[in-house]
Student: 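Here it is: the structure, laid out below.
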Amino acid sequence: MSIQKPKGTQDLLPGEIEKWQYLENKARELCRRFNYREIRTPVFEHTELFQRGVGETTDIVEKEMYTFQDKGDRSISLRPEGTAGVVRAYVENKLYGEPDVSKLYYIGPMFRYEQPQAGRYRQFHQFGIEAFGSVDPGIDAEVIALGYSFYREIGLKDVTVEINSVGNPAVRAAYREHIQRFFAPVKDQLCKDCQSRYDRNPMRILDCKIDQKFCEGAPTIVEHLDEECRTHFQAVQDHLAAMDIPYRLNPRLVRGLDYYTHTAFEYKAAGIGAIDTIGGGGRYNGLVGQIGGNDQPGVGLGLGLERILLVLQAQGVEIPAAKPLDVYLIGLGEAAEKETVKLLQQLRMQGLSAERDYQSRKIKAQMKSADRHRATYVAILGEDELAKGEITVKAMATGEQETLPLAGFAAALAARLRA
RNA sequence: GCGGUCGUGGCGAAGUGGCUAACGCAUCGGAUUGUGGCUCCGACAUUCGAGGGUUCAAUUCCCUUCGAUCGCCCCA
């Protein structure tokens, strides 16, 4: 048996990769307009970073990390998400010393050890942004708007934005007790998952599909927000309204990472089987301090590129195809073939995409290749043409043929293609 | 970590305890001495994910394993 790719990973082959490049180009272009600048951080970090940043009790850290000892006996983990590494880089490189808010974006692979299914892989890719240094609710709204704009510009339809406030740590601790008190009488009747959630993360019970009947009248965190949290949350909503970003309040929205404070949000779309979340994020005001920096507030998001691609496909959204080949160069006979090597280079230096046959095949086979490459022009150089210092050029769409002088033929074709 | 379905040429797919393992697409060659897309003809799996077992005989039955896929948990 030959070696296969590890479970949950993918080879992105030509034909498919164009879609990725399209998404990545759109992301970069959007970030330019919103004035976010790219940052690239390692795909592996010290395990402790994720333990501290993402949270010891999260599923991600408890059971989904790719962790190993390196040869120096350090515990290393492949990054399961993007924020922790960016925060670390922000702190380590003292970006907080800059006068303005630091607005950063990244695109890259993340790793989680899970059973693959539709829209879930062990290596997956995220486009994410982080903004450090401001508690202004306008930044929360901007982050949400950037994600929403991204979906729109790549042609995704029916994306829902759900937002919630998870308050600050004090509010959350108090709310946790309210929830536990509420469910205490029915604790024994909850599903077995929710029984463990009761202690670990009681807010998640509200999200359970099985136990909805017990959730009737459950306290929501929004009801328990303090003045500061409430004001912030309201301001975020006002900003979204001002930007015409449609959103839905979801008082039961709870994210799986420990670091969120205040704003939490998710983007949802149908089309990936059982999964509907295609992106999410929120504010994390205590995180930078926990990672060891001077405490700067932050807010960010992460969007799943695989999931976006799946939804795009489900919606039948066409992604612009790769450009066809400009010229396919056919050389017939040894002398002419030799000459094509030179001509090919000239064509390419003129900025044209150009290809030839490398197997000395017959003209018929070469024409077929040209057709397969969707070549705009075929240039044929045979013994006759070579002797006369000419070359035959055929426009594939019309079948029309003409003879051009060999000298300056590359430039002439380039001019024709530009017209 | 748990559960369902699946695994036959480059791709899609039929099939059966013993026949030469259908067919379609793609590919290659020819009809057409230097011209693609259409048509016709021909070629193309000692082999049915891997390992083991049952049997005179296994692609087919059994076990194990790996993988794919979908779902649970959770999330992108």
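Here is how names work: the chains are called A, B, and so on, in the same order as the sequence lines, proteins then strands, and each is numbered from 1.
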Student: I want to check something: taking the side chain as every heavy atom from C-beta on, are A:Y247 and A:T160 in contact at a cut-off of under 4.5 Å?
Tutor: no
Student: Is A:Q401 side chain donor-acceptor paired with the B:U35 base, going by distance under 3.5 Å alone?
Tutor: yes
Student: With heavy atoms under 4.0 Å as the rule, sort A:I308 into base, sugar-phosphate or nothing.
Tutor: nothing
Student: Reckon A:G281 touches a base, only the sugar-phosphate, or nothing at all at heavy-atom distances under 4.0 Å?
Tutor: nothing
Student: In terms of side-chain heavy atoms, does A:H239 have a donor or acceptor partner in A:D140 at a distance below 3.5 Å?
Tutor: no
Student: Could you please name the option among B:G36, B:G34, B:C72 that lies closest to any side-chain atom of A:I380?
Tutor: B:G34
Student: Cation-pi check, A:R122 to A:Y113: give yes when NZ or CZ is under 6.0 Å from the six-membered ring centre and within 45° of the ring axis, no otherwise.
Tutor: yes
Student: So which one's nearest nucleotide on RNA chain B is more toward 5', A:A118 or A:K63?
Tutor: A:A118
Student: Just checking A:R372: base, sugar-phosphate only, or nothing, at a heavy-atom cut-off of under 4.0 Å?
Tutor: sugar-phosphate
Student: So A:G382, base contact, sugar-phosphate only, or nothing? Heavy-atom distance under 4.0 Å.
Tutor: base
Student: Whole-Å distance between B:A76 C1' and A:L257 CG?
Tutor: 11 Å
Student: Would you kindly check whether a donor in the side chain of A:E114 faces an acceptor in the base of B:G1, or vice versa, at under 3.5 angstrom?
Tutor: no
Student: With the side chain of A:I363 defined as its heavy atoms from C-beta on, choose the nearest nucleotide among B:C66, B:C2, B:U35.
Tutor: B:U35
Student: Determine the interatomic distance between P on B:G7 and the same-named atom on B:C48; round to the nearest Å.
Tutor: 14 Å
Student: Determine the contact category for A:E306: base if any of its heavy atoms lies under 4.0 Å from a base atom, sugar-phosphate if only primed atoms, P, OP1 or OP2 are that close, otherwise nothing.
Tutor: nothing
Student: What nucleic acid atoms does A:E81 come within less than 4.0 Å of, heavy atoms only: base, sugar-phosphate, or nothing?
Tutor: nothing
Student: Strictly distance-based, threshold 3.5 Å: is any side-chain N or O of A:E306 a donor or acceptor partner for the main-chain N or O of A:H125?
Tutor: yes
Student: Answer with base, sugar-phosphate or nothing: what part of the nucleic acid does A:K7 contact at a heavy-atom distance below 4.0 Å?
Tutor: sugar-phosphate
Student: Atom NZ of A:K364 to atom C1' of B:U33: distance rounded to whole Å?
Tutor: 13 Å
